[in-house]
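Here's the structure we're looking at; comments come further down.
Atoms considered below: every heavy atom in the structure, side chains included; atoms not considered: hydrogens, waters and symmetry mates. Whatever order the structure lists them in is the order used to number ligands and atoms, beginning at 1. Residue numbers start at 1 and run along the sequence shown.
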Amino acid sequence: MKIFSGRSNPKLAEGICNYLRHPLGKIHLTNFPDGEIFCKIEENVRGHDIFLIQSTCQPVNESLMELLIMMECLRRASVKRISVVMPYYGYARQDRKDDGRVPITARLVADMLVTAGANRVLTMDLHAAQIEGFFNIPVDHLNAGMVLDHYFKSLNVPPEDLVVVSPDAGSIKRALKHQNRLGCALAIVDKRRSSAHDTKQANLTGASVDGKVAVLFDDMISTGGSICGAAQMVKDAGAAKVYVAATHGVLCGSAVEKLNAAPIEEVVLTDTIPLTPERTPNRVKVLSVARLLGEAIRRIHFNESVSCLFRDDLE
Ligand code: R5P
């Protein structure tokens, strides 16, 4: 087995290698003066089982292209198998034709990965689980739910004082899992999206949040519009404290300003996307998914079950 990483999330790659006690493979990545990417693998990879780590996060197109070029490079160097490890799968939100003359970029990315040489994919909290079906190669789809819930359990809020809040109808399934694990009540925000930048929160239904600690769970925080609007609604409904949690901290545009101004106790994210200083909210907690990804890599390499990583009792 050899593990390589692109330049999008080197800290997470280091965490994964530390967990596995396995060195990170040597790869030289640089840009030509015109911006094109150059890649050279600096060790023998012939016949090896390769795990290639790259979150296709900002700069999205650069990260994606770098991933494709690294695969092209590995394939031509006669590796046995390439497992692409994409902790964050960019372009996933365009996953269906919800209007005329629009692309399905999640599918396009899947096709590009396979064309470039991917034999399997390991990813985390896809925007829509159905994206797995865009691939004809095996996809292991992990979720960071247990990592987030483990943190909220450590806050020792009595379950009767805690309410899990789904920030929109599309997140109800995820919220139900959190509700089950945390053993508390559930409320749902009715969100209407008018554009990629604007959302409106219309109603709050389900359990009362009055005087409670509310935790909003989403797959990602992008512009922050959805989660900040929902946090405000929950606070206005009387919540004592509002936490927001998401696997992927995309945090683009004015997300950080919005999060800082919102009535939020803490923003809890994982490290699928690295936070740069300018993309770091004031009250943030970053939890690492390195152990989870590392264990999945180990299991894939040794042909062990990966689905058992979802067992609710796994610490
Ligand atoms: C929506 O379907 C997603 O689950 C997220 O709520 C959304 O993508 C977050 O985007 P933003 O932060 O820009 O509102």
| message | Assess the residue pair F152 and Y243 against the criterion (ring-ring contact (aromatic ring centres under 6.0 Å, His included)); give the C-alpha distance rounded to whole Å, side-chain angles, the decisive distance to 0.1 Å, and a yes or no. | response | CA-CA 9 Å; F152 286 108; Y243 287 85; 5.7 Å; yes
Present, as a list of atom pairs with distances to 0.1 Å, all nitrogen or oxygen contacts under 3.5 Å between ligand 1 and the protein.
unit_1, atom_1, unit_2, atom_2, d
ligand 1, 4 (O), D218, OD1, 2.8
ligand 1, 4 (O), D219, OD1, 2.6
ligand 1, 6 (O), D218, OD1, 3.3
ligand 1, 6 (O), D218, OD2, 2.5
ligand 1, 8 (O), R93, NH1, 3.0
ligand 1, 10 (O), R193, NH2, 3.4
ligand 1, 12 (O), S222, N, 2.8
ligand 1, 12 (O), T223, N, 3.1
ligand 1, 12 (O), G224, N, 2.8
ligand 1, 13 (O), T223, N, 2.8
ligand 1, 13 (O), T223, OG1, 2.5
ligand 1, 14 (O), R193, NH2, 3.4
ligand 1, 14 (O), S226, N, 2.9
ligand 1, 14 (O), S226, OG, 2.5

| said: Suppose we screen for ring pair (Phe, Tyr, Trp, His ring centres under 6.0 Å). Which residues come up paired with Y89, at least two apart in sequence or across chains? | reply: none
| Are the charged groups of R298 and E304 less than 4.0 angstrom apart, N to O? | yes
| E295 and R299: salt bridge (Lys or Arg N to Asp or Glu O under 4.0 Å), yes or no, with the steps? | CA-CA 6 Å; E295 183 56 23; R299 285 167 183 267; 2.8 Å; yes
| How many angstroms lie between CD1 in I297 and CG in D49, if you round to the nearest 0.5 Å? | 10.0 Å
| request: Just say parallel, tilted or perpendicular for the rings of F217 and H178, cut-offs at 30° and 60°. | output: parallel
